[in-house]
Protein chains: 2
Amino acid sequence: MTNRVRRTMPILPISIVMQLTDLTARQIRYYEEQKLISPARTEGNKRMFSLNDVDALLEIKDYLEQGLNVAGIRKLYESKEMPQNDQAEPKTLSDAELRSLLREEMKHQARPFSQASQRHGDLSRFFK
Amino acid sequence: MTNRVRRTMPILPISIVMQLTDLTARQIRYYEEQKLISPARTEGNKRMFSLNDVDALLEIKDYLEQGLNVAGIRKLYESKEMPQNDQAEPKTLSDAELRSLLREEMKHQARPFSQASQRHGDLSRFFK
DNA sequence: AACGGATGTTAGATTTTCTGACATGATTTT
DNA sequence: AAAATCATGTCAGAAAATCTAACATCCGTT
């Protein structure tokens with residue numbers, strides 16, 4: 001529980017997140033606009049990122065490099081973060097959607113995404 | 001070594017350090033002026049703090065509350081940090097190199113750290 | 001009472017970040 | 001091939017965060 005607090009506490013300004021992820025501010029803001037992340041804001045409206053946010057960004061970056069597009073990543077997250085809500089199905093991907101995702105995958109000869117999503121996402125290794 | 005990198009990497013703006021330590025900006029700047037800490041600076045001259053810096057501030061706060069004054073704390077540190085191995089941080093690493101190093105480590109599933117820090121600041125309250 | 005140490009407060013300058021708009025190269029769709 | 005879409009670059013103007021420097025204040029000591 002305390003752990004969750006630690007990793008979700010917003011402590012990093014965008015400049016540092018840029019360094020940590022090698023993403024531009026433009027990219028980070030775009031991913032937020034596309035609902036892939038939801039960084040906190042200061043009273044003055046500045047974005048402030050948690051360790052979890054950085055993990056997510058690294059994962060997003062990874063997916064993009066493997067050929068997925070933002071929409072696909074969003075779908076992944078939507079279906080992944082459903083286990084909470086056991087109402088009906090975790091919103092299954094339509095055939096068309098799935099085909100689109102898979103086509104992207106094959107094009108870039110990427111591994112199945114079950115792997116990538118597990119590899120990254122542990123920035124806490126940076127810190128003690 | 002990597003552990004040292006993690007804890008010395010400047011990632012926190014003063015506003016966050018204020019929250020983490022319950023110190024005012026004035027206090028933090030004063031302690032720097034008095035050579036108790038040496039936070040990094042951005043290109044634009046903004047202070048950027050490491051986890052070690054925060055630990056140090058918590059320790060300083062503790063000492064002050066116990067009745068020591070700044071001069072006394074400085075003396076303490078001067079005699080404590082005499083040990084020869086204090087050139088452990090090769091100042092030759094560029095920021096880019098550091099970041100790349102850290103990212104590499106992350107990809108390769110770095111193992112947990114072991115080394116105990118000399119300081120006993122309780123930042124670990126916040127981070128794993 | 002005067003002094004020095006630690007902190008508060010304020011002002012003006014500079015840096016950082018923000019949003020919004022438009023530009024661009026690469027694909028995909030029509 | 002033209003048009004549309006995606007992800008990102010870039011720029012401008014505004015607002016927020018931070019900086020230094022100076023002066024003020026509170027509180028123990030001398």
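Any value given below was found using the heavy atoms of this structure, including those in side chains, with hydrogens, waters and symmetry copies removed. A note on names: the letters A, B, ... follow the listed sequences, proteins ahead of strands, and every chain is numbered from 1. Note that this is a predicted model, so its numbers are computed, not measured.
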*Output yes when a side-chain donor or acceptor of A:Lys61 lies under 3.5 Å from a complementary backbone atom of A:Thr21, and no otherwise.*
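Judged by distance alone, yes, a pair lies under 3.5 Å.
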*Can you list every pair that meets salt bridge (Lys or Arg N to Asp or Glu O under 4.0 Å) and has a residue in residues 16-33 of chain B, with sequence neighbours left out?*
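Applying salt bridge (Lys or Arg N to Asp or Glu O under 4.0 Å) to every pair that reaches into residues 16-33 of chain B, excluding sequence neighbours, yields B:Glu32-B:Arg41, B:Glu32-B:Arg47.
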When you compare the side chain of [Y] with that of [X], does any pair of heavy atoms fall below 4.5 Å?
| X | Y | answer |
| --- | --- | --- |
| A:Tyr63 | A:Leu76 | yes |
| A:Ile60 | A:Ile37 | yes |
| A:Asp62 | A:Leu58 | no |
| A:Ile28 | A:Phe49 | yes |

*asked:* Rounded to the nearest 0.5 Å, what separates atom CG in B:Leu20 from atom CE in B:Met18?
replied: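 Here the rounded value is 11.5 Å.
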Check nucleotides 23-25 of chain D against the protein and report each pair of N or O atoms closer than 3.5 Å, with its distance, or say if there are none.
none

*asked:* The criterion is side-chain hydrogen bond (donor to acceptor under 3.5 Å, both in side chains); which residues satisfy it with B:Thr24, sequence neighbours excluded?
replied: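 Partners of B:Thr24 by the side-chain hydrogen bond (donor to acceptor under 3.5 Å, both in side chains) criterion, ordered by chain and then number, come out as B:Gln27.
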*Name all residues meeting the side-chain hydrogen bond (donor to acceptor under 3.5 Å, both in side chains) criterion together with B:Asn69; count only those two or more places apart in sequence or in a different chain, and write none if there are none.*
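None.
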[X] to [Y] - nearest heavy-atom pair and separation:
| X | Y | value |
| --- | --- | --- |
| B:Ile11 | A:Leu12 | O-CD2, 3.7 Å |
| A:Asp53 | A:Pro39 | OD2-CA, 3.8 Å |
| A:Asp55 | A:Arg7 | OD2-NH2, 2.7 Å |

Separation of [N] [atom2] from [X] [atom1] (nearest whole Å):
| X | N | atom1 | atom2 | answer |
| --- | --- | --- | --- | --- |
| A:Tyr63 | D:dC6 | OH | C1' | 20 Å |
| A:Glu32 | C:dC18 | CD | P | 8 Å |
| A:Arg41 | C:dT16 | CZ | P | 19 Å |
| A:Glu33 | C:dG20 | CD | C1' | 10 Å |
| A:Glu43 | C:dC18 | CD | C1' | 16 Å |
| A:Asn45 | C:dT16 | CG | P | 19 Å |
| A:Leu57 | D:dA7 | CG | C1' | 15 Å |
| B:Arg29 | D:dT18 | CZ | C1' | 6 Å |

_Between B:Ala25 and A:Ile16, which residue's closest nucleotide on DNA chain C lies nearer the 5′ terminus?_
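Nearest-nucleotide comparison on DNA chain C picks B:Ala25.
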[options]: which one has an atom nearest the side-chain heavy atoms of [X]?
| X | options | result |
| --- | --- | --- |
| B:Gln27 | C:dT19, D:dT18, C:dT7 | C:dT7 |
| A:Ile14 | C:dT17, D:dT8, C:dT7 | C:dT17 |
| B:Thr24 | C:dG8, C:dC18, D:dT18 | C:dG8 |

Extract from the structure each pairing of a protein N or O with an N or O of nucleotides 11-14 of chain C at less than 3.5 Å, listing the distance.
unit_1	atom_1	unit_2	atom_2	d
C:dT14	O2	B:Lys46	NZ	3.4

Dump every N/O contact between nucleotides 27-30 of chain D and the protein below 3.5 Å, one line per pair.
none

Considering residues at least two apart in sequence or located in another chain, which fulfil the side-chain contact (heavy atoms from CB on, under 4.5 Å) criterion with [X]?
| X | answer |
| --- | --- |
| B:Met48 | A:Ile16, B:Pro10, B:Pro13, B:Thr42 |
| A:Glu43 | none |
| A:Arg74 | A:Gln34, A:Lys35, A:Leu36, A:Val70, A:Ala71, A:Glu78 |

Closer than 4.0 Å, any side-chain N/O of [X] to the OP1 or OP2 of [N]?
| X | N | value |
| --- | --- | --- |
| A:Tyr30 | D:dG9 | no |
| B:Thr42 | C:dT15 | no |
| B:Tyr31 | C:dA6 | no |

*Looking for any heavy atom pair under 4.0 Å, which part of the strands does A:Arg47 touch: base, sugar-phosphate only, or nothing?*
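Counting heavy atoms under 4.0 Å across all strands, the contact made by A:Arg47 is with sugar-phosphate only.
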*Nucleic acid contacts of residues 66-75 of chain B, taken as heavy-atom distances under 4.0 Å to DNA chain C*: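 Nucleic-acid contacts, sorted: B:Asn69, B:Val70.
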